[in-house]
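All remarks here apply to the structure that follows.
All heavy atoms count here, side chains included; hydrogens, waters and symmetry mates do not. Protein chains get the first letters and strands the later ones, always in sequence-line order, with residue 1 at the start of each.
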Number of protein chains: 2
Amino acid sequence: MFEHAMSGSATNSGLKTSLRHVSAGGVRSESVRTANLSTLLQCLHFAGPATRSELVEETGLTRSSVAALVGELEEAGLVVEHAGSPDGSPGRPSPTVSANSSQNLVLAIEIAVDDLAVAIVGLGGKVLHRIRVDHPRDLSTIDETIADVAELVAKVRSATKNTPLLGVGVAIVGLVHRTTNTVVVAPNLRWNEVPLGNLIRDACSLSVPITVANDGNAGVLAESRRGAAVGQKNVIFLSGEVGVGGGIIVDGQVINGQGGFAGEIGHMPVNPEGLDCGCGARGCWETEIGEGALLRRTGRMADGGRAALNSVLDSAAAEDPNVLRALARQGEWIGIGLAGLINLFDPGMVVLGGTLRRVYPYVIDSVNEVVVGRRLSGREARMSIVASTVGEDASLLGAAELAFQSLLANPLTVHRA
Amino acid sequence: MFEHAMSGSATNSGLKTSLRHVSAGGVRSESVRTANLSTLLQCLHFAGPATRSELVEETGLTRSSVAALVGELEEAGLVVEHAGSPDGSPGRPSPTVSANSSQNLVLAIEIAVDDLAVAIVGLGGKVLHRIRVDHPRDLSTIDETIADVAELVAKVRSATKNTPLLGVGVAIVGLVHRTTNTVVVAPNLRWNEVPLGNLIRDACSLSVPITVANDGNAGVLAESRRGAAVGQKNVIFLSGEVGVGGGIIVDGQVINGQGGFAGEIGHMPVNPEGLDCGCGARGCWETEIGEGALLRRTGRMADGGRAALNSVLDSAAAEDPNVLRALARQGEWIGIGLAGLINLFDPGMVVLGGTLRRVYPYVIDSVNEVVVGRRLSGREARMSIVASTVGEDASLLGAAELAFQSLLANPLTVHRA
DNA sequence: AAGTTTTGTTGAAACCTAATACAAATATTT
DNA sequence: AAATATTTGTATTAGGTTTCAACAAAACTT
């Protein structure tokens with residue numbers, strides 16, 4: 001289990017850099033311990049509490065090693081042990097080990113088009129406190145938005161007794177340069193070149209590491225670690241909101257690309273004769289499967305927002321034939337783009353999130369029909385298209401996972417504040 | 001360097017992933033040695049001979065460890081050492097270590113639409129013997145093709161004194177199921193469900209491991225290890241031949257997807273109102289940028305083959321305005337699809353191979369224009385679109401690298417025959 | 001010729017997990 | 001109720017791997 005956290009294929013050997021002068025590739029014995037601590041902590045974080053014997057079985061390590069490693073994690077305050085109780089089977093009961101979710105907290109922030117959300121999440125994935133508020137686009141400047149975020153952060157932090165944090169994760173509807181935590185462009189927010197990481201750090205007086213990421217990339221992380229795609233190593237996450245975002249998992253890892261811009265699924269060119277897109281190009285997938293397209297097809301105003309969307313869903317529930325037809329058409333376009341992605345990635349699962357989660361029942365048949373027709377691998381590959389199970393908090397929870405990544409990779413070298 | 005051997009997420013120690021190749025999860029001390037042997041051998045295989053001190057610097061290991069590890073590799077016959085000679089600088093000369101390319105051979109086979117190629121390649125990438133022959137599609141049955149391959153294999157093997165092989169790599173223009181080495185479908189060859197790996201093994205009486213892969217996936221491997229994309233961690237390889245193939249490297253690794261079907265770049269839907277594609281769908285990218293499209297646009301017969309293509313290139317060289325215009329149009333379509341892929345992967349480099357390598361000078365301007373216009377990350381990301389440098393042997397050399405992968409990952413557990 | 005610099009070699013020390021033996025805690029059998 | 005079997009925790013020893021430190025070897029420099 002948990003290979004997703006570390007990728008690495010059996011016969012691996014990808015090459016990366018060429019010239020001989022970069023960072024060391026050699027491995028020392030100490031690193032073995034780090035790797036094993038990491039494996040154990042990931043087990044507990046992602047799969048929940050486990051007895052020591054279960055950990056032995058899952059990791060393949062010996063009882064002695066697990067005892068020593070768990071002891072070290074406990075000493076560091078990362079896990080807690082509870083005495084085991086008899087369960088009816090013979091043998092000495094094994095104590096239960098759990099992630100210490102009350103003392104290893106991260107801050108998660110989501111900046112969506114018409115929403116802000118903030119949460120404090122404990123190791124193991126326990127959401128200790130969460131706030132989501134409406135925050136309509138165009139009603140706030142960047143500075144105001146940051147101030148609003150800071151206010152929410154203050155609330156959740158005081159609700160959790162200002163317990164020190166391990167890190168901060170931020171998900172935002174925009175293109176993010178990962179090494180600088182900068183939002184290069186967020187069309188729906190009309191942001192350009194916003195150093196979001198630094199702004200949030202200053203506004204909230206944070207001194208722990210901050211990771212900013214695209215909301216789709218955060219969403220797929222949540223979906224793959226705690227949602228519908230748990231256990232899947234190759235996943236496409238398609239999230240239709242005002243814009244169409246997404247995230248892709250290849251061999252257990254979210255793909256970031258060279259600068260962190262990867263995963264912009266909504267701007268694949270699918271219809272050169274199509275509509276103009278907010279990104280400046282024409283005929284992007286987003287123009288055919290975004291919220292606007294659905295509202296247009298059902299005779300609503302394309303910028304009708306949430307109310308219009310609800311009306312569409314109501315009509316669909318009432319089996320309005322025009323609306324159902326429009327949804328089927330929508331599904332065909334979803335299928336066309338998905339088929340291309342499936343031929344590109346050969347995923348084991350496709351997850352539809354955001355608004356697409358709500359329209360799922362009305363579009364899935366036409367989606368499947370188109371996909372099956374265009375898939376090259378035909379029936380060979382088993383692949384399913386499912387609705388998100390994490391739901392509206394996908395990006396928020398993904399942001400939390402981003403903040404945990406460094407701890408999980410290197411459990412014993414952590415700083416909190 | 002060579003973190004590629006370990007990939008791993010940004011924050012982790014890098015080690016973990018390399019050690020992680022044992023499925024269990026836990027890492028034992030022996031794996032450290034395997035990982036370090038692998039790192040050293042990859043250094044020598046990909047970057048060529050190096051002195052022991054260079055290896056020390058590259059791996060970060062100590063002189064003692066490198067000495068021991070190199071000694072072990074030498075004992076296994078994988079590397080050879082030559083006494084160092086004074087180079088004008090002070091200090092004791094360091095012996096040079098090189099991959100033993102005369103005794104660690106793999107067999108590479110490429111089955112293209114109108115070509116067969118076979119080569120014997122030594123560790124370090126030295127091509128010891130290579131044959132490429134015309135083999136027009138539709139003139140042979142599957143069995144005949146396999147027999148032709150077997151004949152070529154016998155030739156190259158006897159030319160290399162039937163030295164035992166470490167493995168076999170096969171690249172083919174078709175969709176390959178990796179775990180079974182089966183060609184699910186190869187439209188241009190009209191193959192369906194061909195157990196190619198087994199057929200070749202039997203026809204050539206081979207007893208070493210065989211790896212069959214899609215030609216585009218093999219091509220990108222060659223290009224990234226020994227061609228234009230050396231050192232790049234995120235690469236898109238687009239190879240236009242009769243069909244349009246490709247391969248994608250994410251974080252230093254070729255992406256295979258769930259069953260090995262990933263990388264089918266040519267069948268992205270880019271024009272729903274476009275032409276019917278051989279795959280059964282309509283408006284695939286291949287219908288706009290494949291060889292047929294170019295011939296069509298330049299007034300030739302779409303199935304004119306190599307002769308027609310040469311005539312187009314001649315006209316282009318003679319600056320025939322109609323042909324140049326058609327090529328520019330071709331470039332626009334290449335750009336449209338590439339822009340989508342770039343938004344999806346955020347690569348550091350795009351490599352154009354196959355026929356596209358030859359038309360590169362005539363299309364690159366319009367490609368770039370479209371791509372710049374449609375890229376979301378704008379000027380933020382440095383990304384270049386270049387022509388393949390490996391050339392017509394990309395898939396063949398990639399197949400060889402496939403065959404080396406297992407040895408490189410685990411240098412001391414090899415069987416030859 | 002003596003000193004400096006770089007590199008190979010060797011043995012001890014440090015780190016990590018596995019293996020083994022034994023103790024503890026529970027269920028089952030007599 | 002006592003003995004036995006089963007499972008798990010603990011402690012000790014052994015095996016594997018790397019680093020460290022000291023020394024030797026081979027080159028250049030003064």
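Taking 4.0 Å as the cutoff to heavy atoms of chain B, we find the contact window on DNA chain C bounded by C/dT5 to C/dA18.
Listed by residue number, A/Ser64 are the residues of residues 64-74 of chain A with a heavy-atom contact under 4.0 Å to DNA chain D.
Applying the side chain to side chain contact (heavy atoms under 4.5 Å, CB included) rule to A/Ser64 yields the partners A/Thr62; only residues at least two apart in sequence or on another chain are considered. Scanning for salt bridge (Lys or Arg N to Asp or Glu O under 4.0 Å) contacts around A/Arg33 gives A/Glu72, with sequence neighbours left out. For the side chain to side chain contact (heavy atoms under 4.5 Å, CB included) test, residues two or more places apart in sequence or in another chain that qualify with A/Ser53 are A/Thr51, A/Ser94. Partners of B/Asn36 according to the side chain to side chain donor-acceptor pair (under 3.5 Å) rule, which considers only residues two or more places apart in sequence or in another chain, do not exist here. Remark: A/Thr389 engages A/Glu223 in a side chain to side chain donor-acceptor pair (under 3.5 Å) (not counting sequence neighbours).
End-to-end axis angle of the helix from C/dA1-D/dT30 to C/dT30-D/dA1, using five pairs per end and rounding to 10°, comes to 10°.
In the set D/dT19, D/dT8, D/dG15, the nucleotide with an atom closest to the side chain of A/Ser94 is D/dT8.
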Nucleotide N/O of nucleotides 25-27 of chain D paired with protein N/O under 3.5 Å:
from   : atom 1 : to      : atom 2 : distance (Å)
D/dA25 : O4'    : B/Arg92 : NH1    : 3.4
D/dA26 : N3     : B/Arg92 : N      : 3.3
D/dA27 : N3     : B/Gly91 : N      : 3.3

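Side-chain N or O atoms of A/Thr59 include one that pairs as donor or acceptor with a backbone N or O of A/Leu55 at under 3.5 Å. Between the side chain of A/Asp346 and the backbone N or O of B/Gln258, at least one donor-acceptor pair lies under 3.5 Å.
Taking atom CZ of A/Arg33 as the reference point, atom P of D/dT17 lies 18 Å away to the nearest angstrom.
Residues A/Leu407 and A/Leu41 are in side-chain contact: their nearest non-hydrogen atoms beyond the backbone lie under 4.5 Å apart. Counting heavy atoms from C-beta outward, B/Val235 and B/Ile248 have side chains that stay 4.5 Å or more apart.
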Pair B/Val212-B/Ile210, side chain to side chain contact (heavy atoms under 4.5 Å, CB included): steps then yes or no: CA-CA 7 Å; B/Val212 180; B/Ile210 300 187; 4.1 Å; yes
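Counting non-hydrogen atoms under 4.0 angstrom, A/Ser29 reaches a base of the nucleic acid.
Remark on DNA chain D: of its neighbouring residues A/Val56 and B/Glu30, the 5'-side contact belongs to A/Val56, judged by nearest-heavy-atom nucleotide.
One finds no side-chain N or O of B/Arg63 lying less than 4.0 angstrom from the OP1 or OP2 phosphate oxygen of D/dA24.
For residues 399-408 of chain A, the set of pairs meeting the salt bridge (Lys or Arg N to Asp or Glu O under 4.0 Å) definition, not counting sequence neighbours, comprises A/Arg226-A/Glu401. Within the structure, salt bridge (Lys or Arg N to Asp or Glu O under 4.0 Å) contacts touching residues 39-52 of chain B (residues at least two apart or in different chains) are B/Arg52-B/Glu81. Within the structure, salt bridge (Lys or Arg N to Asp or Glu O under 4.0 Å) contacts touching residues 86-101 of chain A (residues at least two apart or in different chains) do not occur.
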